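Below, chains carry the letters A, B, ... as their sequence lines are ordered, and counting in each starts from 1. Remember, it's a predicted structure, so these values are computed and weren't measured experimentally.
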2 protein chains.
Amino acid sequence: MPVATSIKPGPRPTMVDVARVAGVSVTTVSYVLGGRSGDPTASRISDGTRRRVLDAVEEIGYRVNEPARNLRRNRTDRVLLLMDRLSSPYEQHLATDIESRLIETGRSLSVMVCTTVERLDHCLGMVRTGLADGAVVQCRAVAGAQAVLDAYAREHIAMVAISNVLRPNGFDVISNDEAPAIEEAVDALVAAGHHRLGFLAHDAVTDLPDSRMEVVRRRLAVHGIDLPDAMVRSGARDRLAAFASTRELLGLPRPPTALFAASDTGAISAIWAALAAGRRVPEDLAVVGCGNIDECRVTVPQLSSAGPDRPDFSPIAAMLLDRLANPSFAESRHVHLPWTFFPRQSS
Amino acid sequence: MPVATSIKPGPRPTMVDVARVAGVSVTTVSYVLGGRSGDPTASRISDGTRRRVLDAVEEIGYRVNEPARNLRRNRTDRVLLLMDRLSSPYEQHLATDIESRLIETGRSLSVMVCTTVERLDHCLGMVRTGLADGAVVQCRAVAGAQAVLDAYAREHIAMVAISNVLRPNGFDVISNDEAPAIEEAVDALVAAGHHRLGFLAHDAVTDLPDSRMEVVRRRLAVHGIDLPDAMVRSGARDRLAAFASTRELLGLPRPPTALFAASDTGAISAIWAALAAGRRVPEDLAVVGCGNIDECRVTVPQLSSAGPDRPDFSPIAAMLLDRLANPSFAESRHVHLPWTFFPRQSS
DNA sequence: ATGAAAGCGCTAACAT
DNA sequence: ATGTTAGCGCTTTCAT
């Protein structure tokens, strides 16, 4: 393992120290360590000199001082990933995928959690402030994000947002084409004879309007079926809250015969709540989730879900890299990712 | 909302611009913005001047340049949280809790994912390199971490590790006192008449030795019961893998009558695998998990689990702050957090 | 193929 | 109460 071997205590050595030990100038050290590969200046250092410098670095345990380098270069080669939470499998995927693509281009990723607009503003301010060169924003739960992103885009901050509500405006947007899949799921439930549906939303109805709920409601209307607010509960984001909300719905005088959840994790809790209440799934309560996470295929019964076949995050890093390469990138792109309805045992 | 209002395009303004607009020196600007509250120098600025400076900042949309400030101050007021994955509820908790405590002291947190020693070394190198002032390390799946942390501790990098295997050595360690609770769970299973146990480990037996499995094995031995390798499967970390592993165990000629999983999420998948195979839980297969996550209380049947009553992360930030305040902090502390066995319906 | 030197934007000792 | 100034460690232009 090439791991932290030659670290010595004491004040951190600088390039001056390396230069002294190697018997060369700091310029030379900088050129050796700058790693501008493919650069014409790469060949200005002879192999012997390069070796001496690298040996000196090794000997005294030198590491470049990032703030100094960043100050001088006026960039950090770092990208921020702003998310409104960490805990879903989706976020895990997103982070590792983007990171691996950034690493290929010599960059790195750091993650910050933003649950409020103020915090989002603060974090984007940090990239403006030199903490990072750009940001990927995945904050569906944050209301008012459009204005913030608009403002930073005006400042030419490189940003890509993953959102179904944000409109590209100096930044790019990846959105999921959820509606067709959700409508298909609704149609399937109606075709199976359901006409009393419940909906498990992410947030309280009074908060952020739940776009998935709106799609469901509109589609039900097409079938002449109503989705009254009394049949809507919040908490899809939280496994415990989803359980409690479903129990509430099942306790209604005329409980729903089918439940549509804005998330798969919420739907799974709903299945448990139904089973715990002595109902059968799908016979007494059909359940459909959103997201099509892996877990859908191991639950009992397996969870029907509307979601991407397999999440594809590749456009995200690609678009951000475009913007990083060209800070005054003019075009604002909008990429739509397809969703599909995957009927399984729970509906 | 106090959000990104006065951002203007063009080259980012510096303190010199603020000073010019406000009609004061850069020193004054620095003192106004430095925010050394409680500092004797805080009172050197008159209220009128302070106002003029803040107005100028607002007017031209100035934001401090972090790399420059960090270079000069030789600190970043930033802490790194290194985790081997993001997706569990535990990680979500950890991150938000530590962050809120850091914010109270004017610091911020960024998260990086480290699944290998090399990456851990790289990320800790980044704090040495000036990306952050210290790190919290939560990488149970990373073998060889001890040597890396030892090395950086020698460099006086402020670190706190959450681990049951790392020994404090220039850094602090938080560990969970898992053994008593796990032993109690084993005793309960044995008392219930189980003598054929399966174990769902985090990793393959050939990889990292699973400390929880060792405890289980030793405790079973006390009861004169063997835990053969044939009854051990890996994949507790991954819901799909855990499902497949459990199915394998149940397919054995003499399947286990009880299953101990190294994680709650693994145990939940195991319950599903059992149900999917037509077994009843706990009658045909008793299941116990580790971690006592919230989800245990909503599964059907509710999951018995060994874990903390409620996770308490407060010592982590506290210890790190001590080290940040005093870089040559001598003591290496080891905090033990208690675990309890919570019997529920699944066993 | 290598070196000297001018800053990047900021902070803080040291004036006044 | 406010200003002058010398760097922090690095990159990069321009010489040689």
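Between A:T49 and C:dT2 there is a side-chain polar atom (N or O) within less than 4.0 angstrom of OP1 or OP2. Between A:S30 and D:dT11 there is a side-chain N or O to OP1 or OP2 distance below 4.0 Å. Phosphate proximity of C:dG3 to A:T28: present, with a side-chain N or O under 4.0 Å from OP1 or OP2.
Backbone-only contact: B:V64 has heavy atoms under 4.0 Å from sugar-phosphate atoms and none from a base. Contacts of B:V16 with the nucleic acid, taken as non-hydrogen atoms under 4.0 Å apart, are absent.
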I'd like a table of donor-acceptor pairs (distance under 3.5 Å, sequence neighbours excluded) in which one partner is a side-chain atom from residues 13-20 of chain B, with atom names and distances.
unit_1, atom_1, unit_2, atom_2, d
B:T14, OG1, B:V16, N, 3.1
B:D17, OD1, B:R20, NH2, 2.6
B:D17, OD2, B:T14, N, 2.8

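Counting only distance, with no hydrogens or angles, the side chain of B:R119 and the backbone of B:V113 share a donor-acceptor pair below 3.5 Å. Of the possible polar contacts, one joining the B:T96 side chain to the B:Q92 backbone as a donor-acceptor pair under 3.5 Å is found. A distance-only check finds a donor-acceptor pair linking the side chain of A:N70 to the backbone of A:E66 [under 3.5 Å]. Distance alone, capped at 3.5 Å, places no donor-acceptor pair between the A:R69 side chain and the A:V64 backbone. Of the possible polar contacts, none joining the A:R107 side chain to the A:D77 backbone as a donor-acceptor pair under 3.5 Å is found. Judged by distance alone, the side chain of B:Y152 and the main-chain N or O of B:F171 form no donor-acceptor pair under 3.5 Å. The closest donor-acceptor contact from the side chain of B:S163 to the backbone of B:V165 lies under 3.5 Å. Proximity of a side-chain donor or acceptor of A:E155 to a complementary backbone N or O of A:R128 within less than 3.5 Å is not detected.
Taking atom CG of B:D77 as the reference point, atom P of C:dC10 lies 16 Å away to the nearest angstrom. Rounding to whole angstrom units, CE of residue A:M15 and P of C:dG7 are separated by 20 Å. What separates CG of A:N70 from P of C:dC10 is a distance of 14 Å, to the nearest Å. The interatomic distance linking B:R75 (CZ) with D:dG9 (C1') rounds to 18 Å, in whole Å. The distance from atom CZ of B:R12 to atom P of C:dG9 is 11 Å, rounded to the nearest whole Å. Summarising the geometry, the separation between CG on A:L33 and P on D:dT12 is reported as 13 Å, rounded to the nearest angstrom. Remark: C1' of D:dC10 and OH of A:Y62 are 7 Å apart, rounded to the nearest angstrom. The distance from atom CD of B:E66 to atom P of C:dC8 is 19 Å, rounded to the nearest whole Å.
B:R72 is linked by a salt bridge (Lys or Arg N to Asp or Glu O under 4.0 Å) to nothing, counting only residues two or more places apart in sequence or in another chain. Every residue two or more places apart in sequence or in another chain was checked for a side-chain hydrogen bond (donor to acceptor under 3.5 Å, both in side chains) with A:S332, and none qualifies.
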Any N/O pairs under 3.5 Å between the protein and nucleotides 14-16 of chain C? List them or say none.
none

Return the polar atom pairs (N/O with N/O) between nucleotides 6-8 of chain D and the protein under 3.5 Å, or none.
unit_1, atom_1, unit_2, atom_2, d
D:dG7, N2, B:R72, NE, 3.4
D:dG7, N2, B:R72, NH1, 2.7
D:dG7, N3, B:R72, NH1, 3.1

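Both tests pass for B:R140 against the ring of B:Y90: distance under 6.0 Å to the centre and angle within 45° of the axis.
A residue-by-residue look at A:V26 and B:S25 shows that B:S25 has its nearest nucleotide of DNA chain D further toward the 5' end.
Taking only distance into account, the side chain of B:T27 meets the base of D:dT4 through a donor-acceptor pair shorter than 3.5 Å.
Taking the screw axis at each terminus of the helix from C:dA1-D:dT16 to C:dT16-D:dA1 from five consecutive base pairs, the angle between the two is 30° to within rounding of 10 degrees.
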